[in-house]
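A note on names: the letters A, B, ... follow the listed sequences, proteins ahead of strands, and every chain is numbered from 1. Excluded from the calculations below are hydrogen atoms, water molecules and symmetry mates; all remaining heavy atoms, backbone and side chain alike, are included.
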Amino acid sequence: MPDLADQKRFDPAEAEPRIMASWVDSGLFHAPAQGSAVDNYSIAIPPPNITGALHMGHALNGSIQDVLIRYKRMSGIPTEWILGTDHAGIATQAKVEERLVEEGSSREAIGRDAFVERVWQWREQFGGTIIEQFGRLGASCDYERERFTLDDDYERAVRQVFCDLYEDGCIYRDQYLVNWDPGSQSAISDLEVEEREVTDTLFEIAYPLADGSGEIVVATVRPETMLGDSAVAVNPADQRYSELIGKRVKLPLTERELEIIADDYVKPDFGSGALKITPAHDPNDFEIGRRHGLEELTVIGEDGRMTELAGRFAGLKAAEAQQQVVAALREQGLLRGEQPYLHSVPFSHRSGERIEPLISLQWFMNMEQLAPPAIEAVNDGRVSIHPPSQAKRYTDWLEQIRPWCISRQLWWGHRLPVWYRGDETWVGMEEPQGTGWVREEDVLDTWFSSALWPFATLGWPDKTAELQAFYPTNVLSTARDILFLWVARMVMMGLRFTGDVPFSDVYVHPVIQAPDGRRMSKSLGTGIDPLTEIDEHGADAVRFGLLAMASTQDVRYSRERVEQGQALATKLFNASRFVLLNVSGEVALEPAVGEGSPIEDRWIVSRLQQVAEQTAQQIEQFEFSKAAFGLYDFVYGELCDWYLELVKGREFDAALSATACYVLRSTLAIAHPFIPFVTEELWASVPGAEGLLIGAPYPIAQPSLVDREAEQRIADLIGAVTAVRSWRSGANVKPGAQLGARIDSAALAADAPLVARLARLDLGAFGGELTDTIVVAGGAIEITAGDAIDVDAQQRERTQRRAALEQEIARAEGKLGNQSFVAKAPPELVAGEQQKLDRLREQLAALSG
RNA sequence: GGGCGGUUAGCUCAGCUGGUUAGAGCACCUGCUUUACACGCAGGGGGUCGCCGGUUCGAAUCCGGCACCGCCCACCA
């Protein structure tokens, strides 16, 4: 490391790569697979997509996990942060397809095998980017055990799970209405759908009764789907239509007749109170259709064009068909109204395209057997979710869980271990014997494989040493949005296949929003790149800033917090310089504190115990923001502002050197999980520090070093020095001026020289006319300032001060004059108020005297 | 439509098992080359704690209502 004497600031750009390399070389990122889960501490990283780039959410979550891992590692527990990436079916396939199109080719043109090969190549080239970016943060993941959700071993685990669940009867194939994403040309699950507000046109269409006795009007935003209608429904209690139930209508533009049926789903007060039923193209209609055994007529195909069943509209795109249908209806005089209509419509989360509900043959997973144990695990505390409000969301969702559509019409992913031959279906680990078997084309939803992450990464289904050592993992830290998508499914799969929960704590971290309160997103242009922030402020600063932002609620990104972190790093750097440039000779390893030690030494050592204790507790309780601020306050407010200042008058003898180095080492160690780089760098220079800080023990608070008396005395000293400084400022005294003074206070007697030095008082020069008296703990400080003060300023200050005191006294008197308060409030509170009043009166008297 | 969370200094946020004069960082004002640090030091100004009621000796904190903002869930054509 560079010479401390020449450098005033920590240089992250120079130091971070060097320090990261030394950590990697130490081997401490990699825990040997020994013992069982109770002997080790492990966290499975939420695997980033191979298409991903490090965003603020990763940076936050990485910082959180690294604090936990580093803290535990330093606490002497072998730690394993399981690292890896997700193959991310839709995203990755889309990315590679884009490239092919740029080359003038396409997925279809090169065929499945060649395409998959291309994706693997792409992954080779770019898939590791995000892992390198995690490294920039200083994340102490196990880079030697990097996993990928499509590795051979992982693939085997997926197949095993699929086959077992199939045998259980949980996995089945069915003709069902699914969310068809025209963008990815695949079905997607309900969780991958998002609602967006859209203005459509609501058309009212008259369906003539078959017997010619009248008509019934229905409303729809998708008139083209009427070609697939198989009934008209009304509410059974609706008087207007009770006569018509069971009658038939002529479906316009076709030769078909539909029955008028009764179903409770229909809201009489909405529109005309009559609803056209199109089971193949609307989720509600699908349900109603199944209830009434209606025909499911698919008139829009997977390609988004009208099918043969659409008659003369066949082959048209749905939007074109809509125009032509409306035109035809208008011509026939059956269009009764059209108006703009704002409503929410499903869109694909991935491709952003509007979902087309379609009936298709898909694979589903019934969750009814898996959900109850996962609810139970949270209810009985085997898994605890922080903050607890998230636990309710989790259980609520699981309690009304619905079948999960697990097949995707993609090429990149885990191909289902299913083979067909004629009417036969084979599900198994290997291809069936015999000829003529054709493998299922579809792959599994990416979340199916992600759900196995905590154990599939460790070698399951084999009983590996890794699985034995690191499963169940300890903590899963994640964003709220994948609580259902991922966390709940991991719990279900973990319980089903390992018999144990996958982790004991789930920490749901807040969302970092853009500074303007919007979501950080690439498409909105609101994203802030963590790597740019690291370049500018250093990884320590970014980590500190993010952790400080991560309290309990969603929060806007605040660059000031990052700058605060940078300031902390600089401050620690300089505080260390001060100590290191002063200590000399052999330095003892233990702090030299005892009865006769200087009070400031006893004090800082005592304070240190409490910061150590508090920080450890806050980390354990996932209170990262409190811990970060607590560290900052200690370093600034106690170590630098007071201890180092108090020490400046002393010679750095053996005792002071030992204590100062002890304090420094402890502070660096306590802060290391938060700001690992600068602390590691400094550690290398502190006498008594051995090896790398990353592997050093985390300080444990020693009750024997807590010193109440020292804390009280220094608190009094700080109060007195602050009071004098404030007085000096009010009296316009030159900062450098030494004022004659006498300290008349039993509480400060022993520490008078310290007070005098920090407050620039000259105890030997007391004499002449008394200028003022400043009330302090245990007494007062009398000042004889001569002509060093600005009398007018002092008078103004005294007047203001007196007014403030009088106001305070009035308040206290009012409170104590209130009989109810005296009678009902706790006695100690009343006594406290009385003491306060006495003190205030004393101050006022001193001011007036 | 239902649920959850938020609304505190100019800005970003703490505080909320009710009880000193409501805090921090940044910004702002005044002063300072004080034996590490101007990414610094010292001192200071700034808030009727979203609004209206209620409970209480006492409410930023508890209860009810309202208004905005955000998120999640949900099948209204």
*asked:* With rounding to the nearest 0.5 angstrom, report the OG1 to CD distance, A/Thr659 to A/Glu600.
replied: 9.5 Å
_By the salt bridge (Lys or Arg N to Asp or Glu O under 4.0 Å) test, which pairs, at least two apart or in different chains, include something from residues 560-573 of chain A?_
none
Scan nucleotides 41-48 of chain B against the protein and return all N/O pairs shorter than 3.5 Å with their distances rounded to 0.1 Å.
unit_1 : atom_1 : unit_2   : atom_2 : d
B/rC41 : OP1    : A/Lys571 : NZ     : 2.8
B/rG43 : O3'    : A/Ser726 : OG     : 3.4
B/rG43 : O2'    : A/Ser729 : OG     : 2.8
B/rG44 : OP1    : A/Ser726 : OG     : 2.7

*Across all strands, who's sitting opposite B/rA14 as a Watson-Crick or G-U wobble pair, both distances under 3.5 Å?*
none
*asked:* Determine whether the aromatic ring centres of residues A/Tyr176 and A/Phe286 are separated by less than 6.0 angstrom.
replied: yes
*Mind checking what makes side-chain contact (heavy atoms from CB on, under 4.5 Å) contact with A/Asp11, not counting sequence neighbours?*
A/Gln7, A/Ala13, A/Glu14
*Per-nucleotide protein contact string for nucleotides 71-77 of chain B (B base, S sugar-phosphate only, - none; heavy atom under 4.0 Å)*: -SSSBBB
*Donor-acceptor under 3.5 Å (A/Arg240 side chain, A/Pro268 main chain)*: yes
*For B/rC68, give its Watson-Crick or G-U wobble partner with both distances under 3.5 Å, or none.*
B/rG6
*Measure the distance from CG on A/Leu572 to P on B/rG40 and round it to the nearest whole Å.*
13 Å
What are the atom names and distances for every N/O pair under 3.5 Å that joins the protein to nucleotides 55-61 of chain B?
unit_1 : atom_1 : unit_2   : atom_2 : d
B/rC57 : OP1    : A/Lys824 : NZ     : 2.2
B/rC57 : O2'    : A/Asn818 : ND2    : 3.1

*Taking the six-membered ring of A/Tyr265, is the NZ or CZ of A/Lys267 close enough (under 6.0 Å from the centre) and on axis enough (within 45°)?*
yes
*Taking the same atom, C1', in B/rC57 and in B/rG18, what whole-Å distance lies between them?*
12 Å
*Taking all non-hydrogen atoms of both residues into account, name the closest pair between A/Leu342 and A/Glu197 and its distance.*
CD2-OE1, 3.6 Å
*For B/rA59, which nucleotide is its Watson-Crick or G-U wobble mate, given both distances must be under 3.5 Å?*
none
*What residues, two or more places apart in sequence or in another chain, satisfy side-chain hydrogen bond (donor to acceptor under 3.5 Å, both in side chains) together with A/Asp633?*
none
*Taking OP1 and OP2 of B/rA38, is either one under 4.0 Å from a side-chain nitrogen or oxygen of A/Lys8?*
yes
*Over how many whole Å does the gap from A/Phe573 atom CZ to B/rC39 atom C1' extend?*
13 Å
*Within residues 559-569 of chain A, residues whose heavy atoms come under 4.0 Å of RNA chain B*: A/Glu560, A/Arg561, A/Gln564, A/Gln566, A/Ala567
*With A/Gln390 via side-chain hydrogen bond (donor to acceptor under 3.5 Å, both in side chains) - residues at least two apart*: A/Arg393
Show me the donor-acceptor pairs, under 3.5 Å and distance only, between side chains in residues 806-813 of chain A and residues at least two apart or in other chains.
unit_1   : atom_1 : unit_2   : atom_2 : d
A/Glu808 : OE2    : A/Arg811 : NE     : 3.4
A/Glu813 : OE2    : A/Arg841 : NH2    : 2.6

*side-chain contact (heavy atoms from CB on, under 4.5 Å) involving A/Gln621 - partner list, sequence neighbours excluded*: A/Gln617, A/Glu623
_Only pairs with both distances under 3.5 Å count, Watson-Crick or wobble alike; so what is the partner of B/rG43 in this structure?_
B/rC29
*Could you pull out all residues at least two apart from A/Asn582 that satisfy side-chain contact (heavy atoms from CB on, under 4.5 Å)?*
A/Phe578, A/Phe652
*For atom OH of A/Tyr632 and atom P of B/rC13, their distance in whole Å*: 18 Å
_A/Thr799: side-chain contact (heavy atoms from CB on, under 4.5 Å) partners, not counting sequence neighbours_ = none
*Between atom CG in A/Asn574 and atom C1' in B/rC37, what is the gap in whole Å?*
3 Å
*Could you let me know what B/rG1 is paired to, Watson-Crick or G-U wobble, both distances under 3.5 Å, or none if it's on its own?*
B/rC73
